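These notes are about the structure you will find just below.
These figures come from a predicted structure and were not determined experimentally.
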Amino acid sequence: MIRHGGRILSDQLVKLGVRRVFSVPGESFLAALDGLYDSEIQNVVCRQECGSAMMAEAYGKMTGQPGVCFVTRGPGATNASAGIHIAMQDSTPMVMFVGQIDNRHTDRETFQEVDYRAVFGGLAKWVAQVDHTDRLPEYIARAFRVAMSGRPGPVVLALPENMLSGQADVPDLTTPVVLDTVAADVAQPILHALAQAQKPLVVVGGPHWNHKAQMHLQAFAEIQDIPVVAGFRRQDYMDNHHSHYVGDLNVGVNPKLAARLQASDMLILLGTRFGDIETQGYTLVDPANPGKVIVHVHADPDELGRVYAPDIAIAATAPRVVQHLACAAPAGNWADWTSEARADYEAWIAPQESPGDLKQEQVIKWLSDHLPDDAILTNGAGNYAAWLHRYFVYKGYGTQLAPTSGSMGYGFPAAVSASIEHPDRTVVCLAGDGCFQMTCNELSTAVQHGAKPIVVVMNNGRYGTIRMHQEKTYPGRVSGTALANPDFAALARAYGGHGEVVNKTADFAAAFARAQAAGTVAIIECHVDEEALATGATLSAVRDAAMAR
């Protein structure tokens, strides 16, 4: 059957099981929009390409299948680059289609012409341009395969407008099923090494996890009686109430957990790349001299030995290996080591009072205690997230959407995507005033598509993280970190949502109940004292300490 390129594209996406795409329309891919018209694929139309890319990335995190994004050429594509960066650093499968100029005019600096291989070559797993209509199925099938293989990540496909409007008679292709298998005795070398250890730690992270893997991980921890640590922004990989969960390796890591990581004599790294954040800039574990046995399990063999040279390297997905570990007999006794680590974690999450009438630690504890266990929490970047990471207790897999790349603006688009994907679940976005304003225009997208996340905006009138570093380095010399903010509650109402302001901790619970009852997107603006700089420090204390040096 002869079809135009846009129809071939949409038919191929249907064949690959795509249910939803995120886009900002452009004249460069009109044929693709026409192809989507007759398909059953939902097109979530966003307000800016950054938001659409972040929503697609969040979809990839939630489903394990490539999130699909359509953007137009030139500024449309560059606007979306933040989402590509997040997908790469977070190992999230994603495919971004970019409308491109007529390929017969290449290298003339045609209107909005961009060399996408040059622009995205260092950000994506693979970047290509489809110049012939009859090769669309080939390229699209390969894009999905690359996005899912090994260490998942983003793929960028440029689609020249004349190629999309061209016609061809070509069959659709399917992506072959690649079996995730490991040898039956894969657990034996790990257990043999574990039997020799005095102070082992398990660190989990990376892609491919699911509810079943969480159960296997917890069974493995119980049988071996060893402590499990979550990588940066991967706390939902294990029930935080579990007796063997001992914390996460984040920016503001528990000092006792950091010391325990240094003191350990064996690390079992399951799926995580074990990078900069987890190791505090590679200071907690020296890549040149780790001083401990390292077992590294990762789906991409190129990641094994990339930074740390493992004593045992296994190229496989972590859930597949954990499935075998969960069936193994005990290799030793680490009960005291584990219980001490758990006690350190429980002491760490006891709320430490911050200044002001609105206590962030109490707000987060209330959310942790009262939200349904399957509620989805999202966030971007900023000091406000430190309260979330320290005090929220995650109960199940798939309840956290957060960028390990540290990208601001991510939380709200991710929350919109989550609410569309899971309309029956509570979705809460925690945001700072600076973080939220980077993508708050997607309020319109939420209303249009029936998304109803509740956004808790911690408003301190500044870029808090940069202000903290500024006070540490140049105390008292405030430059470029103050913000002039809108009335966030009024902004929500202007878009047709629910909005209100909270100034005191005691008023938060009732405000949240009203936001839930509203049944639409909602903003709860929490006014935070400027002294509340971090979970363990005030602005004045940080400044005074810096001035005293």
Side-chain angles (χ1 to χ4, degrees), residues 5-6 8-9 12-13 16 18 21-24 26 28-29 31-32 49-50 52-57 59-61 65-164 166 173 175 207 299-300 302-303 306 403 405 407:
I8 295 171
L9 169 59
Q12 183 65 59
L13 294 181
L16 293 169
V18 173
V21 300
F22 302 87
S23 74
V24 175
S28 60
F29 61 95
E49 291 85 2
C50 178
S52 65
M54 289 178 175
M55 289 185 201
E57 193 280 341
Y59 179 93
K61 270 195 178 85
Q65 300 299 311
V68 178
C69 178
F70 280 87
V71 300
T72 195
R73 63 197 176 205
T78 54
N79 281 344
S81 61
I84 295 296
H85 180 255
I86 294 168
M88 190 68 214
Q89 291 223 333
D90 289 27
S91 302
T92 304
M94 178 178 172
V95 175
M96 186 170 82
F97 295 104
V98 182
Q100 173 63 303
I101 64 164
D102 187 315
N103 58 20
R104 294 167 295 187
H105 303 315
T106 300
D107 294 330
R108 292 176 174 171
E109 200 178 345
T110 301
F111 179 62
Q112 296 183 337
E113 179 179 0
V114 169
D115 181 347
Y116 296 109
R117 292 183 181 90
V119 171
F120 291 105
L123 290 177
K125 283 188 73 175
W126 181 47
V127 186
Q129 179 165 307
V130 188
D131 284 315
H132 304 282
T133 308
D134 61 357
R135 294 189 67 186
L136 268 168
E138 170 195 342
Y139 273 91
I140 297 168
R142 180 178 172 186
F144 274 65
R145 186 169 64 252
V146 171
M148 293 285 290
S149 65
R151 175 188 168 189
V155 170
V156 177
L157 280 188
L159 308 173
E161 58 186 58
N162 60 312
M163 182 279 301
L164 279 176
L173 297 179
T175 298
D300 189 343
D302 290 339
E303 292 296 327
R306 182 176 184 179
S405 66
S407 181

### Message
Assess the residue pair F29 and F70 against the criterion (ring-ring contact (aromatic ring centres under 6.0 Å, His included)); give the C-alpha distance rounded to whole Å, side-chain angles, the decisive distance to 0.1 Å, and a yes or no.
### Response
CA-CA 8 Å; F29 61 95; F70 280 87; 5.8 Å; yes
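- With rounding to the nearest 0.5 angstrom, the CD1 atom of I101 is 4.0 Å from the OG1 atom of T110.
- How far CZ of F111 is from CZ of R73: 6.0 Å, rounded to the nearest 0.5 Å.
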### Message
side chain to side chain contact (heavy atoms under 4.5 Å, CB included) for V24 and V71? Distances and angles first, verdict last.
### Response
CA-CA 6 Å; V24 175; V71 300; 5.5 Å; no
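- A heavy-atom distance below 4.5 Å is found between the side chains of L13 and F144.
- Counting all heavy atoms, side chain and backbone alike, G5 lies closest to T133 at CA-CG2, 3.8 Å.
- Atom CE of residue M54 and atom SG of residue C69 lie 11.0 Å apart, to the nearest 0.5 angstrom.
- The nearest pair of heavy atoms linking P66 to V95 is CB-CG2, 4.1 Å.
- Panel note: side chain E49, backbone T72; no donor-acceptor pair is recorded below 3.5 Å.
- In this structure a side-chain-to-backbone donor-acceptor pair under 3.5 Å is present from Y116 to G74.
- If you run side chain to side chain contact (heavy atoms under 4.5 Å, CB included) between V130 and each of Q100, M163, E138, only M163 comes through.
- E113 places a side-chain heavy atom less than 4.5 Å from the side chain of D107.
- Remark: side-chain polar atoms of Q12 are paired, donor with acceptor, to backbone N or O of L173 under 3.5 angstrom.
- H105 and R108 share a donor-acceptor pair across their side chains, judged by distance under 3.5 Å alone.
- In terms of heavy atoms, M96 sits closest to A77 at CE-O, 4.4 Å.
- Nearest heavy atoms, M148 versus P93: SD-CB, 3.8 Å.
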### Task
Take L164 and F97 through the test side chain to side chain contact (heavy atoms under 4.5 Å, CB included) and record every step on the way to the result.
CA-CA 12 Å; L164 279 176; F97 295 104; over 6 Å; no
### Task
Before giving the answer on side chain to side chain contact (heavy atoms under 4.5 Å, CB included), spell out for I84 and M94 the whole-Å C-alpha distance, their side-chain angles and the decisive distance to 0.1 Å.
CA-CA 8 Å; I84 295 296; M94 178 178 172; 3.9 Å; yes
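- Of all non-hydrogen atoms in D90 and S405, the two that sit nearest each other are OD1-N, 3.2 Å.
- Atom CG of residue L9 and atom OH of residue Y139 lie 14.5 Å apart, to the nearest 0.5 angstrom.
- Rounded to the nearest 0.5 angstrom, L157 CG and W126 CH2 are separated by 5.5 Å.
- A side chain to side chain contact (heavy atoms under 4.5 Å, CB included) with Q129 is found for exactly one of N103, L159, D115, namely N103.
- Nearest approach of P403 to I86, heavy atoms of both residues: CB-CG2, 4.1 Å.
- Atom OG1 of T92 and atom CZ of R151 lie 9.5 Å apart (nearest 0.5 Å).
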### Message
I'd like to know whether L123 forms a side chain to side chain contact (heavy atoms under 4.5 Å, CB included) with M88, so could you lay out the CA-CA distance, the side-chain angles of the two residues, the decisive distance to 0.1 Å, and finally the verdict.
### Response
CA-CA 7 Å; L123 290 177; M88 190 68 214; 5.8 Å; no
